[in-house]
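Quick notes on the structure that follows.
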Amino acid sequence: NFQYMEEKNIKMALNDNKAGMEGLDRDKINKIIMESSKGSKFYENEVKREQQVNQRIDKMMLQKEQITEQHLKKAQAQVARMVVELEKRRDLTRVIVHVDMDAFYAAVEMRDCPELKDKPMAVGSMSMLSTSNYHARKYGVRAAMPGFIAKKLCPNLVIVPTNFDKYRAVSSEIREIFADYDPNFMPMSLDEAYLDFTEHLEKRQSWPDSLRTHHYRASSNPKGIAPNMMLAKVCSDKNKPNGQYRLPSTREAVMEFVCNLPVRKVSGIGKVSEKLLNALGISSCSHLGQKMALLSLLFSETAWHHFLQVSLGLGSAFIPRHEERKSMSTERTFKEMSAAEEQLSLCRELCEDLANDLKKEGLKGKTVTLKLKNVNFEVKTRALTLSYPVATADEIFAVAKDLLKTERDNESPQPLRLRLMGNQIKQFN
DNA sequence: ATACATACC
DNA sequence: GACTGGTATGTAT
């Protein structure tokens, strides 16, 4: 087990899987991050989670030991059959674009306050940053880093509070432009979207400049252009901060691109999957292809099917139409709260907020879920499904307060020492 | 159906 | 001193 426990493997370390983070003093940065985190409840919890992942790896390695040549051969045949099927359906006829405004929130703030352009700045608070500009990234300051640690890395860092209404406004301008190119484009967040350019290109024969030179200049917008969504997403990351990258629509180009692609770059393969794969000697997508038989024996069907598609450079060649929402939730973090009455009134407040949001979309749901995080960062969810859909604050609270009471009773005589509470509702009609 | 984990922005 | 919030989906029971 110890082999996984070196500091550099613990999750705290600088995540440099992001544009603008090349060639900085990683050791120094990691040392500062580590010193700011060590001993905190947050850190302790991260270590615990890390150990759970390591146990998963140990279990997987034991399973691997049990696999015989016979098993592998059979699996290999199955994989080969599947590859034939997938190749038959490979579609290189579409042109999918992934657009991603670079450092979006920071870019909007710099547009509105040009002095910030020459300074390292980030958007967020001392508790959490949501993005940083490129000056700040040189110091290792990045999204999802708490501001107080960022300040240690870069004492001159300017932290601008988040201004969502502003970002939403800019976002809707940008979306109007997207709609000109593909009325069915798929927004992934305020600053990111997939577009199907196929039709547009058939009509106009040329690449639009306006996506680059539109009056909104505060933010550059890298594009990834490829025959499917999976590849377009990876491509958009390629020439950040300013460029675009087009992957030709040929099987050879796709396979060559995918060959050297680190698995972590693929959307859907995060930190944990990367670590599991690394333990099997897999770091690039070509390794993924080479070890498919093994993967099919160690992972779930959904997981290995996904891996197989990635290894072949396959992804969705059309942009699925926007799905109905499946859940809605509100959660809040706060200073330690242990008093029952206080927790109850907060719960009530959250239910009211949630009911408000539900009303805006005219939704009612049958499953109510209460989420609790204690001061040790341990998260619990407790759910109850009703036979009828609910929407009002009173109805939701009636369920949530019982879930909360049950939890408190289970812990008593110890109180629930909370740092976060949340309510979720799902199972809409 | 429920709980928890992973992933994305 | 301070380590988010919202949504979807996978995995396990």
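Order of the sequence lines fixes the chain letters, A, B, ..., with proteins taken first and strands second; residue numbering starts at 1 for each chain. Values reported hereafter were calculated over all heavy atoms of this structure, with side chains retained and with hydrogens, waters and symmetry mates removed.
Rounded to an integer number of Å, the gap from A:E44 CD to C:dC3 P is 14 Å. To the nearest angstrom, P of B:dT6 lies 12 Å from CD of A:Q55. In this structure, A:I57 places its CD1 atom 16 Å from P of B:dA5, rounding to the nearest Å. Between A:Y194 atom OH and B:dC8 atom P the separation is 10 Å, expressed in whole Å. In this entry the distance linking CD of A:E50 with C1' of C:dC3 reads 16 Å, nearest Å. Atom OH of A:Y105 and atom P of C:dT4 are 16 Å apart (whole Å). For A:K275 and B:dA5, the NZ to P distance is 16 Å, given to the nearest whole Å. Atom-to-atom, CD of A:E46 to P of B:dT6 comes out at 11 Å; the value is rounded to the nearest Å.
A:Y245 and A:F257 have tilted rings, their planes meeting at an angle from 30° to 60° on a 0 to 90° scale.
For B:dC4, one of the phosphate oxygens OP1 or OP2 lies less than 4.0 angstrom from a side-chain nitrogen or oxygen of A:R382. Distances shown here put a side-chain N or O of A:Q427 below 4.0 Å from the OP1 or OP2 atom of B:dA1. For B:dC4, the OP1/OP2 oxygens have no side-chain nitrogen or oxygen of A:R49 closer than 4.0 Å. The side chain of A:T381 places no N or O atom within less than 4.0 Å of a non-bridging phosphate oxygen (OP1 or OP2) of B:dT2. Residue A:S273 places at least one side-chain N or O closer than 4.0 Å to OP1 or OP2 of B:dA7.
Across C:dA2, B:dT2, B:dT6, the shortest atom-to-atom separation from the side chain of A:R419 is found for C:dA2. Taking every side-chain heavy atom of A:M126 into account, C:dA2 is the closest of B:dT2, B:dC8, C:dA2. Closest to the A:K233 side chain, of the nucleotides C:dC3, B:dT2, B:dC9, is B:dC9. Closest to the A:A144 side chain, of the nucleotides B:dT2, B:dC4, C:dT4, is C:dT4. With distances taken from any side-chain atom of A:F42 to the nucleotides B:dC8, C:dC3, C:dA2, the minimum falls on C:dC3. The side chain of A:D191 lies closest to B:dC9 when the candidates are B:dC9, B:dC4, B:dT2.
Atom NZ of A:K166 has more than 12 heavy atoms from other residues, nucleotides or ligands within 6.0 Å. Remark: A:R321 CZ is loosely packed, at most 12 non-hydrogen atoms of other residues, nucleotides or ligands lying under 6.0 Å away.
Proximity of residues 305-320 of chain A to DNA chain C (heavy atom under 4.0 angstrom from any strand atom) is not detected for any residue.
Among the heavy atoms of the strands, none lies under 4.0 Å from A:L129. Among the protein residues, A:K41 comes within range of no part of the nucleic acid, since none of its heavy atoms lies under 4.0 Å from any strand. Within the nucleic acid shown, A:S267 comes within 4.0 Å of sugar-phosphate atoms alone, with no base atom in reach, counting heavy atoms only. At a threshold of 4.0 angstrom between heavy atoms, the contacts of A:M188 with the nucleic acid are absent.
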Letter per nucleotide, 5' to 3', of nucleotides 5-13 of chain C [B base touched, S only sugar-phosphate touched, - untouched; heavy atoms, 4.0 Å]: BSBSS-S--

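Each of A:L314, A:L261, A:V310, A:L247 was checked for a side chain to side chain contact (heavy atoms under 4.5 Å, CB included) with A:L231, and the lone residue meeting it is A:L247.
In summary, A:K405 and A:D402 do not engage in a salt bridge, as defined by a charged side-chain N under 4.0 Å from a carboxylate O. The pair A:K233-A:D100 does not count as a salt bridge, with every side-chain nitrogen at least 4.0 angstrom from each carboxylate oxygen. A salt bridge links A:K380 and A:E411; the closest N-O separation between the charged side-chain nitrogens and carboxylate oxygens is under 4.0 Å. A salt bridge does not link A:R168 with A:E173: none of the charged nitrogens is closer than 4.0 Å to a carboxylate oxygen.
Figure legend: cation-pi geometry between A:R137 and A:Y134, with NZ or CZ positioned under 6.0 Å from the six-membered ring centre and within 45° of its axis.
The list of ring-ring contact (aromatic ring centres under 6.0 Å, His included) pairs with a residue in residues 303-361 of chain A, not counting sequence neighbours, reads A:F299-A:F307.
Considering all non-hydrogen atoms of both residues, A:G124 and A:I159 come closest at O-CG2, 3.4 Å.
Between A:V272 and A:A383, the one whose closest nucleotide on DNA chain B sits nearer the 5' end is A:A383.
To the nearest whole angstrom, the two P atoms, one in C:dA2 and one in B:dA7, are 28 Å apart.
Contact annotation: side chain of A:S37 to base of C:dC3, donor-acceptor pair present below 3.5 Å.
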